[in-house]
**Student:** 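Let me begin by handing over the structure; questions about it come next.
To find a chain, count down the sequence lines: A is the first, B the second, and so on, and within it residues start at 1.
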Amino acid sequence: MASELTKHIYQIVQDIPYGKVATYGQIARLAGNPRAARAVGFAMRNVPDGLCLPCHRVIFQDGSLCTGFAFGDPQIQYQMLKKEGITFDAQGRVRLDRHRYIPGQRDLPVECPIQ
DNA sequence: ATCATGACGTGCG
DNA sequence: CCGCACGCCATGA
């Protein structure tokens with residue numbers, strides 16, 4: 001059975017909106033354990049059947065995708081993200097500064113209106 | 001209760 | 001920018 005932290009993790013991942021991505025460490029922090037990034041990865045690996053999670057939107061802090069992805073090939077995750085509108089740099093890493101999921105954030109990025 | 005493992009993150013060189 | 005070592009957490013034998 002999954003611990004409370006794990007359940008919390010699933011709940012957070014489920015809230016990641018379309019076209020947005022979050023990092024393992026970020027989720028861990030949102031779940032209350034900033035240092036449980038690794039546990040997040042473990043949680044994603046043991047996702048309960050019947051539960052539909054956008055786990056493909058969970059990536060590394062540096063924007064790279066996990067190697068040996070469970071979907072079959074890392075390419076799959078890349079395709080899915082790309083299809084959602086996620087953009088990558090020349091090095092094949094996600095532009096986190098542009099697609100990072102932030103709870104409570106409005107649709108539009110809207111930078112500080114300095115006026 | 002202890003040891004080893006893994007879809008992580010950070011610091012250094 | 002890349003690679004490596006160490007630290008952290010939850011899980012299973």
**Student:** Return all side-chain donor-acceptor pairs below 3.5 angstrom for residues 79-94 of chain A, not counting sequence neighbours, or 'none' if the list is empty.
**Tutor:**
| from | atom 1 | to | atom 2 | distance (Å) |
| --- | --- | --- | --- | --- |
| A/E84 | OE1 | A/G19 | N | 3.2 |
| A/E84 | OE1 | A/R57 | NE | 2.9 |
| A/E84 | OE2 | A/H56 | NE2 | 2.8 |
| A/E84 | OE2 | A/R57 | NE | 3.2 |
| A/E84 | OE2 | A/R57 | NH2 | 2.9 |
| A/T87 | OG1 | A/H99 | NE2 | 2.7 |
| A/D89 | OD1 | A/Q91 | N | 3.1 |
| A/D89 | OD1 | A/G92 | N | 3.0 |
| A/D89 | OD1 | A/R93 | N | 2.6 |
| A/Q91 | OE1 | A/R93 | NH2 | 2.5 |

**Student:** Round to the nearest Å and state the distance from A/I59 atom CD1 to B/dC8 atom P.
**Tutor:**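 Distance check: A/I59 CD1 to B/dC8 P gives 13 Å.
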
**Student:** How would you list, by chain and number, every residue that makes a ring pair (Phe, Tyr, Trp, His ring centres under 6.0 Å) with A/F60, sequence neighbours excluded?
**Tutor:**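 A/F60 satisfies ring pair (Phe, Tyr, Trp, His ring centres under 6.0 Å) with A/Y24 once adjacent residues are dropped.
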
**Student:** Quick one: list whatever passes side chain to side chain donor-acceptor pair (under 3.5 Å) with A/D15, sequence neighbours left out.
**Tutor:**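 With sequence neighbours excluded, A/D15 shows a side chain to side chain donor-acceptor pair (under 3.5 Å) to no residue whatsoever.
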
**Student:** Just the rounded figure in Å: distance from P of B/dG9 to CZ of A/F60.
**Tutor:**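 One finds 7 Å between P of B/dG9 and CZ of A/F60, rounded.
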
**Student:** Does anything in residues 83-94 of chain A reach DNA chain B, meaning a heavy atom under 4.0 Å, and if so which residues?
**Tutor:**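 Nothing qualifies; none.
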
**Student:** Starting at CG of A/L65 and ending at P of B/dC8, how long is that distance when rounded to a whole Å?
**Tutor:**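 Nearest whole value for this atom pair: 12 Å.
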
**Student:** What string of B, S and - do you get for nucleotides 3-13 of chain C, 5' to 3', if B is base contact, S is sugar-phosphate-only contact and - is no contact with any protein heavy atom under 4.0 Å?
**Tutor:** ----BBBSS--

**Student:** Flag yes if A/Y101 and A/M44 sit in one hydrophobic cluster, no otherwise; membership is Ile, Leu, Val, Met, Phe, Trp, Tyr, and two members link when side-chain heavy atoms are under 4.5 Å apart.
**Tutor:**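 Shared cluster, yes.
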
**Student:** When the distance from CG of A/D62 to P of B/dT10 is rounded to whole Å, what number comes out?
**Tutor:**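 Roughly 10 Å, once rounded to whole Å.
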
**Student:** Tell me, what's DNA chain C's dot-bracket, Watson-Crick or G-U with both distances under 3.5 Å, | for other-strand, [ ] crossing?
**Tutor:** .||||||.|||||

**Student:** Can you name the closest pair of heavy atoms from A/A43 and A/Y10 and give their distance?
**Tutor:**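 Shortest heavy-atom separation between A/A43 and A/Y10 comes out as O-OH, 2.9 Å.
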
**Student:** Tracing side-chain links under 4.5 Å among I, L, V, M, F, W and Y, which residues wind up in one group with A/F42?
**Tutor:**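 Its cluster partners, ordered by chain and number, are none at all.
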
**Student:** Please collect all salt bridge (charged side-chain N to carboxylate O under 4.0 Å, His left out) contacts where either partner lies in residues 25-47 of chain A, sequence neighbours excluded, each pair once.
**Tutor:**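 As it turns out, there is no salt bridge (charged side-chain N to carboxylate O under 4.0 Å, His left out) pair with a partner in residues 25-47 of chain A once direct neighbours are skipped.
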
**Student:** A/R100: which residues meet the side chain to side chain donor-acceptor pair (under 3.5 Å) condition with it, sequence neighbours left out?
**Tutor:**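 Applying side chain to side chain donor-acceptor pair (under 3.5 Å) to A/R100 gives A/Q26.
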
**Student:** Give me the atom names and distance for the closest heavy-atom approach of A/I59 to A/Q77.
**Tutor:**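 Distance-wise, the nearest heavy atoms are CG2-NE2, 4.1 Å.
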
**Student:** Would you please name every residue forming a side-chain contact (heavy atoms from CB on, under 4.5 Å) with A/A31, sequence neighbours left out?
**Tutor:**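 Expected list: A/L5, A/H8, A/I9, A/I12.
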
**Student:** Between A/I102 and A/V58, is there a shared hydrophobic cluster once you connect ILVMFWY residues whose side-chain heavy atoms come closer than 4.5 Å?
**Tutor:**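 No; tracing contacts between hydrophobic side chains, which count when under 4.5 Å, never links both residues.
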
**Student:** Could you check how far CZ of A/R45 sits from P of B/dT5, rounded to whole Å?
**Tutor:**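 That distance rounds to 13 Å.
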
